[in-house]
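Structure first, commentary second.
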Amino acid sequence: MGHTIMRKSAAAAVLSATLCVSACEKPPVVADAPILHVGYWQASITLPGGDIETGIEISKAGQNYQATLINGQERVRIGHVIFSDGQILLRFPAFNNEIRATLVDGRLLGELTLVKRYGESEVMPFTAVPGNKPDSHGNEPAKYDLSGRWNVRFHEHDGSDTPSIGEFAQRGSRLFGTFLNPNGDYRYLAGHVRGSSFDLSTFDGAHAFYFAGKIDDDGTIKKASFWSGTSWHQYWSAFPDKNVKLPDSFQRTFLKPGYDTFDFAFPDQDGNIVSLANDKYEDKVVVVTIAGTWCPNCNDEARMMAQLYKEFRGRGMEVVALMFEHFEDHDVAAEQVRQFREKFAIEYDTLIAGISDKAEASKALPALSAVLAFPTTIFIDRGGRVRRIHTGFTGPGTGEHYQALQQDFRQIITELLAEPADLIETLTSDGTPQE
């Protein structure tokens with residue numbers, strides 16, 4: 001009897017072991033990999049003053065994802081997109097900024113990191129949901145129409161004011177436009193008017209801007225707010241003024257007394273020192289732009305200048321960009337510039353000139369009265385004389401102003417190329433004929 005029970009127990013043990021082995025040999029159950037929605041995503045970036053509302057269009061070609069940032073009326077291709085294991089990386093190589101987010105319950109939750117001068121960074125929350133979602137602020141109708149031209153004053157921390165122009169177009173509660181100031185523009189802005197309150201914002205891969213305020217009963221704006229990223233904040237005021245103008249951008253920067261010519265000597269990406277004394281620039285019309293890869297208006301100018309160079313270099317024009325970057329290390333700055341060159345198919349010289357600070361740029365270029373803005377563009381004739389200097393840049397977000405600037409640059413280049421050699425030899429340092 002005891003032996004029988006033992007045999008049955010042994011048999012049961014063998015059967016149990018057999019079942020266990022059989023079960024263990026089955027392949028493990030693998031959870032489905034997270035799927036990234038292809039199509040439109042409504043995104044927001046949280047700044048201390050409010051949320052930037054933007055959009056991202058995600059597509060897929062084979063196994064590779066592609067993405068486009070929808071920035072108001074602008075479309076910005078995101079240069080580097082990786083999605084793996086529920087994690088997405090969106091990088092803007094020319095600006096060195098990035099968005100990292102995790103797919104959670106169908107939403108993307110993460111952070112936007114902006115790299116600033118000396119490699120310091122600002123981090124702000126980022127969220128995105130697939131498709132168009134209802135406006136979280138409700139559908140309060142606009143009480144005012146902000147369409148038109150506004151006289152704007154940005155109130156600086158030192159107590160001074162920077163004169164600016166606001167140009168807005170409103171369709172229902174939707175608001176579009178930009179600000180122009182003596183140094184450039186704030187590119188494409190979009191937002192809403194709800195009751196007597198309004199907001200405008202932009203994220204173009206480089207800067208994160210948020211504007212907000214209220215329209216008073218008299219139709220003016222007394223104390224509106226402006227945030228750039230997480231660290232810069234100032235107030236501004238405005239009133240409608242269709243006749244407001246800004247200072248002449250060709251009169252703000254000039255050569256200091258005692259300087260007849262403009263020169264420099266900086267290394268290119270490979271460390272080769274380049275100056276206007278190089279044979280390449282002899283007897284050429286030269287356009288020098290003081291710029292930086294981090295600067296949106298410099299990107300706007302580079303896109304235009306790359307085309308102008310291809311058009312006019314066969315007639316005797318050269319372009320050289322003096323790049324003032326966020327990084328002091330030459331190799332790091334050079335890599336940023338290489339990506340910048342690739343982005344705009346730049347074929348002219350780009351030199352690593354220094355750190356992205358206007359005061360430091362002024363020290364590096366002592367012939368100039370000051371470097372007031374990135375970009376600043378210098379037009380030099382075949383005789384090596386500075387003929388015009390343009391401060392700042394009004395980009396494509398300014399519409400007709402951008403068209404006018406392109407015409408001005410084209411006309412200056414055309415006129416300098418057309419000047420006969422004997423006239424060039426008789427010009428004075430300010431570009432006028434000698435008596």
Side-chain angles (χ1 to χ4, degrees), residues 182-183 247-268 273-291 298 301-302 304-324 347-351 353-354 358 361-393 404-435:
N183 293 340
D248 186 348
S249 296
F250 283 103
Q251 299 296 325
R252 299 183 61 226
T253 307
F254 50 87
L255 291 182
K256 290 178 182 175
Y259 286 90
D260 294 327
T261 59
F262 175 78
D263 201 3
F264 52 80
F266 298 115
D268 63 14
I273 300 299
V274 177
S275 78
L276 287 180
N278 289 25
D279 293 343
K280 178 177 183 178
Y281 300 111
E282 186 176 358
D283 297 328
K284 298 289 183 64
V285 170
V286 183
V287 180
V288 179
T289 175
I290 302 170
C298 300
E301 187 189 48
M304 180 193 74
M305 201 60 71
Q307 294 301 317
L308 289 176
Y309 183 61
K310 291 176 182 178
E311 179 180 348
F312 287 109
R313 64 180 172 182
R315 295 168 56 183
M317 183 189 82
E318 284 295 336
V319 177
V320 57
L322 310 183
M323 307 299 287
F324 289 85
E347 299 177 11
Y348 52 80
D349 287 340
T350 47
L351 311 182
K358 287 182 279 191
S362 297
K363 293 178 184 178
L365 302 170
L368 297 180
S369 56
V371 175
L372 301 174
F374 296 102
T376 294
T377 311
I378 304 167
F379 298 87
I380 301 174
D381 67 20
R382 295 182 190 272
R385 299 176 181 85
V386 173
R387 301 290 292 277
R388 305 290 296 274
I389 301 177
H390 185 275
T391 304
F393 193 83
L405 182 142
Q406 291 185 90
Q407 293 176 7
D408 286 343
F409 278 27
R410 185 179 295 276
Q411 180 177 347
I412 293 170
I413 293 168
T414 301
E415 290 177 353
L416 291 178
L417 289 172
E419 288 180 349
D422 56 350
L423 172 62
I424 294 171
E425 293 173 358
T426 62
L427 293 178
T428 62
S429 60
D430 64 359
T432 59
Q434 293 179 352
E435 296 181 356

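Counting from 1, the numbers follow the sequence of the chain as shown. Reckoned from all heavy atoms, side chains included, excluding hydrogens, waters and symmetry mates. Bear in mind the structure is a predicted one, so any value in this text is a computation, not a measurement.
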Can you measure from CD (Glu318) to CG (Leu276) and round to the nearest 0.5 angstrom? 10.5 Å

Heavy-atom nearest pair, Arg313 first then Glu347, reads NH1-OE1, 2.6 Å

Residues forming a side chain to side chain donor-acceptor pair (under 3.5 Å) with Glu311, sequence neighbours excluded: Arg410

Taking atom CD of Gln407 and atom OG1 of Thr414, what is their separation to the nearest 0.5 Å? 11.5 Å

Asn278 side chain to Lys280 main-chain N or O, any donor-acceptor pair under 3.5 Å? no

Residues which pass ring-ring contact (aromatic ring centres under 6.0 Å, His included) with Phe266, listed by chain and number, not counting sequence neighbours: none

Which heavy atom of Leu308 sits nearest a heavy atom of Met317, and at what distance? O-CE, 3.6 Å

Could you check if a side-chain atom of Val288 sits within less than 4.5 angstrom of a side-chain atom of Phe264, using non-hydrogen atoms only? yes

Can you confirm whether Arg382 sits close enough to Glu419 that some side-chain heavy atom of one is under 4.5 Å from a side-chain heavy atom of the other? no

From Arg385 atom CZ to Thr261 atom OG1, the distance as rounded to the nearest 0.5 Å: 10.0 Å

Where is the tightest heavy-atom contact between Ala265 and Ile273, given as atom of each residue plus distance? CB-CG2, 4.1 Å

Check against side-chain contact (heavy atoms from CB on, under 4.5 Å), Ile412 and Phe250: CA-CA 12 Å; Ile412 293 170; Phe250 283 103; 3.6 Å; yes

Please list, chain by chain and in numerical order, all residues satisfying ring-ring contact (aromatic ring centres under 6.0 Å, His included) with Phe379, sequence neighbours excluded. Phe409

What's the separation between atom OG1 in Thr377 and atom CD in Glu301, rounded to the nearest 0.5 Å? 3.5 Å

With a 4.5 Å limit on heavy-atom distance, are the side chains of Val320 and Leu351 in contact? yes

How long is the gap from OG1 on Thr289 to CZ on Phe393, to the nearest 0.5 Å? 8.5 Å

Anything under 3.5 Å between a donor and an acceptor, one on a side chain of residues 364-372, the other on a protein residue two or more places apart or in another chain? List them.
{"residue": "Ser369", "atom": "OG", "partner": "Phe254", "partner atom": "N", "Å": "3.2"}
{"residue": "Ser369", "atom": "OG", "partner": "Phe254", "partner atom": "O", "Å": "3.3"}

Leu405 side, atom CG; His390 side, atom NE2 - distance, nearest 0.5 Å: 4.5 Å

Tell me, do Val274 and Tyr281 make a side-chain contact under 4.5 Å, heavy atoms counted? yes

Show the nearest heavy-atom pair for residues Tyr348 and Ala321, with the distance to one decimal. CE1-CB, 4.0 Å

Quick check: do Ile290 and Ile378 have side-chain heavy atoms less than 4.5 Å from each other? yes

Do you know the tightest heavy-atom contact between Pro182 and Pro247? CG-CD, 4.1 Å

Applying side chain to side chain donor-acceptor pair (under 3.5 Å), can you list everything that pairs with Arg252, at least two apart in sequence or on another chain? Asn183

Residues that Glu415 engages under side chain to side chain donor-acceptor pair (under 3.5 Å), provided they are two or more places apart: Gln411

Minimum side-chain heavy-atom gap Leu416-Arg388 below 4.5 Å: no

